[in-house]
Amino acid sequence: MAVPSVLVTGSGGVAGRAVVQELERTGYRAIPVASSDADLRDMAATTALFETHRPDYVVHLAGRVHGLMGNIGSQGSAFYDNIRMNINVVEASRAVGVQKLVAMGSTAVYSDSVPLPMSEDGIWFGPPHDSEKGYASAKLAMLAQLEAYKDEYGMDYAFVVSTNLYGPGDRFDEVRGHVLPSLVSKIHRAKTEGLPLEVWGTGTPTRDFLYSGDAARAIVMVLEQLSGVVNMATGVSVTIRQAVDTLVEVAGFDGEVRWDVTKPDGQHARAYDISRLSSIGWAPQASLADGLAETFAWYDVNWTSARR
């Protein structure tokens with residue numbers, strides 16, 4: 001019997017690296033696709049890629065992704081680039097007969113009006129938060145496309161609504177990146193150079209942070225067992241201040257921490273109902289402290305070559 005093949009877009013990212021490893025560990029043939037392999041914004045290039053590999057399944061993780069400040073400053077380009085990637089990947093999957101596509105969504109798609117904890121049935125309830133509406137709207141458009149393709153062509157899909165991910169191999173951009181990897185870089189630099197640690201915002205917003213290895217296990221289990229919209233998070237929210245305190249501790253940083261309250265906080269509260277994911281036996285294994293310790297240790301060794 002042939003080993004099932006899974007094409008993984010965005011394989012060079014924090015989630016993609018972990019997903020490729022988990023697929024290979026669990027007996028699949030992973031086909032990693034990074035941006036250097038094909039420009040997924042180009043339909044001809046995407047079609048050629050899929051016709052070459054003709055995968056059984058697709059895990060679509062590629063995207064133009066930033067943190068809060070990056071999304072605020074690139075609403076139009078984030079929408080345009082992600083729309084093109086997503087449309088092309090979904091259509092190319094249909095054209096070569098992919099059995100199922102698992103797409104990476106984002107919890108940015110949820111409106112501030114959705115009751116907490118956010119559940120999958122509230123995904124179309126109101127517009128995304130203004131700070132990330134370009135990026136989030138492109139993700140919602142992909143969900144609409146997947147629903148339409150399921151209706152017309154019978155192509156199975158799962159749309160994984162992912163909370164904030166972090167882990168080894170992340171993009172450690174201090175200005176436009178996500179909160180935890182940007183803080184890992186900042187605290188490493190502050191510790192190395194004897195500087196204070198500067199953190200944006202008030203520290204009061206809540207977030208749910210998921211380690212990349214746990215996310216990879218969830219994605220493979222969803223590929224095998226669930227369809228439709230699935231929240232992917234730990235189910236436990238912490239404040240940004242708590243996350244910073246944890247990182248300070250695991251990094252062994254004993255300098256001053258300065259909070260820049262002139263910087264935006266973004267959406268104030270995020271908490272997720274993960275009962276669908278939990279129903280198939282998934283639970284996170286890495287605590288925030290353990291995951292941050294591994295991430296900081298990886299960065300400490302690889303910081304000169306880490307993505308930014």
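Hydrogens, waters and symmetry mates are skipped; everything else that's a heavy atom, side chains included, is used.
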Student: Taking NZ in K133 as the centre, count heavy atoms belonging to other residues, nucleotides or ligands within less than 6.0 Å. Is the count above 12?
Tutor: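 No, not enclosed.
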Student: Sequence neighbours excluded, which residues qualify as side-chain contact (heavy atoms from CB on, under 4.5 Å) partners of S162?
Tutor: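 Expected list: M104, L165, M232.
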Student: In terms of hydrophobic clustering (I, L, V, M, F, W, Y; side-chain heavy atoms under 4.5 Å; direct or indirect links), are M118 and V236 co-clustered?
Tutor: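 Shared cluster, no.
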Student: Does the side chain of Y135 come under 3.5 Å of the side chain of Q75 through a donor N or O and an acceptor N or O?
Tutor: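 The answer is no; no qualifying pair exists.
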Student: Tell me, yes or no, whether the heavy-atom count around Y80 atom OH, taken from other residues, nucleotides or ligands under 6.0 Å, exceeds 12.
Tutor: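 Open: at most 12 neighbouring heavy atoms sit under 6.0 Å from OH of Y80.
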Student: Other members of the hydrophobic cluster containing I83, with the 4.5 Å side-chain heavy-atom rule, please.
Tutor: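 Grouped by the 4.5 Å side-chain rule, F79, I87 form the rest of the cluster around I83.
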Student: Side-chain contact test, heavy atoms from C-beta onward, threshold under 4.5 Å: evaluate it for L223 versus V6 and give yes or no.
Tutor: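 With C-beta onward as the side chain, the pair touches.
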Student: Are L197 and V248 side-chain neighbours, meaning at least one heavy-atom pair lies under 4.5 Å?
Tutor: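 Result yes, sub-4.5 Å side-chain heavy-atom pair found.
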Student: List, by chain and then residue number, the residues other than V261 in its hydrophobic cluster (Ile/Leu/Val/Met/Phe/Trp/Tyr, side-chain heavy atoms under 4.5 Å); write none if there are no others.
Tutor: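 Once heavy-atom contacts under 4.5 Å are chained together, V261 still belongs with nothing else.
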Student: Contact between V89 and L101 at the side-chain level, heavy atoms closer than 4.5 Å - yes or no?
Tutor: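 SC-SC contact between V89 and L101 confirmed.
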Student: Any chance CZ of R307 has more than 12 other-residue heavy atoms, nucleotides or ligands included, within less than 6.0 Å?
Tutor: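 Enclosed: over 12 neighbouring heavy atoms sit under 6.0 Å from CZ of R307.
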Student: For T262, check side chain to side chain donor-acceptor pair (under 3.5 Å) against everything at least two apart and list the hits.
Tutor: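 Scan of T262 (side chain to side chain donor-acceptor pair (under 3.5 Å), adjacent residues dropped) gives D260.
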Student: Hey, is D173 close enough to R171 for a salt bridge, meaning N to O under 4.0 Å?
Tutor: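 No, D173 and R171 are not salt-bridged.
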Student: Could you measure the distance from the OG1 atom of T246 to the CD atom of E249? Nearest 0.5 Å is fine.
Tutor: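 Separation between the atoms: 7.0 Å.
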Student: Flag this pair as yes if the NZ/CZ of R241 is under 6.0 angstrom from the six-membered ring centre of W259 and inside a 45 degree cone about the axis; otherwise no.
Tutor: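 That pair qualifies as a cation-pi contact.
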Student: Would you call the rings of H188 and F296 parallel, tilted or perpendicular if under 30° counts as parallel and over 60° as perpendicular?
Tutor: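 Rings of H188 and F296: tilted, as their planes differ by 30° to 60°.
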Student: What pairs with V14 under side-chain contact (heavy atoms from CB on, under 4.5 Å), at least two apart in sequence or on another chain?
Tutor: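 Residues passing side-chain contact (heavy atoms from CB on, under 4.5 Å) with V14: D170, S212.
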Student: Would you give me the side-chain donor-acceptor pairs under 3.5 Å for residues 150-161, sequence neighbours excluded?
Tutor:
{"residue": "D156", "atom": "OD1", "partner": "S227", "partner atom": "OG", "Å": "2.8"}
{"residue": "D156", "atom": "OD2", "partner": "S227", "partner atom": "OG", "Å": "3.2"}

Student: Evaluate the side chain to side chain donor-acceptor pair (under 3.5 Å) criterion for residues S237 and D208: first the C-alpha distance (whole Å), next the side-chain angles of each, then the deciding distance (0.1 Å), finally the verdict.
Tutor: CA-CA 4 Å; S237 294; D208 184 318; 4.6 Å; no
Student: Tell me whether M43 shares a hydrophobic cluster with L40, the cluster being built from Ile, Leu, Val, Met, Phe, Trp, Tyr side chains joined at under 4.5 Å.
Tutor: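 Cluster IDs for M43 and L40 differ.
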Student: Hey, could you give me each pair passing salt bridge (charged side-chain N to carboxylate O under 4.0 Å, His left out) that has a residue in residues 14-26? Not counting sequence neighbours.
Tutor: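 Output for this query lists E22-R25.
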Student: Look at atom CD of Q225 and say whether more than 12 heavy atoms of other residues, nucleotides or ligands are closer to it than 6.0 Å.
Tutor: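 Result for CD/Q225: enclosed.
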Student: Run the side chain to side chain donor-acceptor pair (under 3.5 Å) check on S287 and D290 step by step: do they pass?
Tutor: CA-CA 5 Å; S287 68; D290 289 344; 3.2 Å; yes
Student: Take the angle between the ring planes of Y57 and Y28 and call it parallel below 30°, perpendicular above 60°, tilted in between.
Tutor: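 Taking Y28 first and then Y57, their aromatic rings stand perpendicular (interplane angle over 60°).
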Student: Residues two or more places apart in sequence or in another chain: which of them pass side-chain contact (heavy atoms from CB on, under 4.5 Å) with A34?
Tutor: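 side-chain contact (heavy atoms from CB on, under 4.5 Å) list for A34, sorted by chain: S11, S36, D37.
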Student: Looking at residues at least two apart in the chain, or sitting in another chain, which of them share a side chain to side chain donor-acceptor pair (under 3.5 Å) with R84?
Tutor: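 Partners of R84 under the side chain to side chain donor-acceptor pair (under 3.5 Å) test: D81.
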Student: Taking the side chain as every heavy atom from C-beta outward, state whether V8 and P32 have any pair of such atoms under 4.5 Å apart.
Tutor: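 Heavy-atom side-chain distance check fails, nothing below 4.5 Å.
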Student: Would you please name every residue forming a side-chain contact (heavy atoms from CB on, under 4.5 Å) with P115, sequence neighbours left out?
Tutor: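 With sequence neighbours excluded, P115 shows a side-chain contact (heavy atoms from CB on, under 4.5 Å) to no residue whatsoever.
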Student: In sequence, state the C-alpha distance, the side-chain angles, and the governing distance for S185 and E174, and then conclude on side chain to side chain donor-acceptor pair (under 3.5 Å).
Tutor: CA-CA 7 Å; S185 178; E174 293 187 16; 2.8 Å; yes
Student: Check V222, I219, V220, I274 against W282 for a side chain to side chain contact (heavy atoms under 4.5 Å, CB included) and give me the one that passes.
Tutor: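 Testing each of V222, I219, V220, I274 against W282, the sole residue satisfying side chain to side chain contact (heavy atoms under 4.5 Å, CB included) is I274.
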Student: Which residues pass the side chain to side chain donor-acceptor pair (under 3.5 Å) test with Y211, not counting sequence neighbours?
Tutor: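 Side chain to side chain donor-acceptor pair (under 3.5 Å) list for Y211, sorted by chain: E294.
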Student: Go through the structure and list residues passing side chain to side chain donor-acceptor pair (under 3.5 Å) with S119, not counting sequence neighbours.
Tutor: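 Checked S119 against side chain to side chain donor-acceptor pair (under 3.5 Å); matches are D121.
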Student: Name the orientation class of the two ring planes belonging to F209 and Y166 (parallel below 30°, tilted from 30 to 60°, perpendicular beyond 60°).
Tutor: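 Rings of F209 and Y166: perpendicular, as their planes differ by over 60°.
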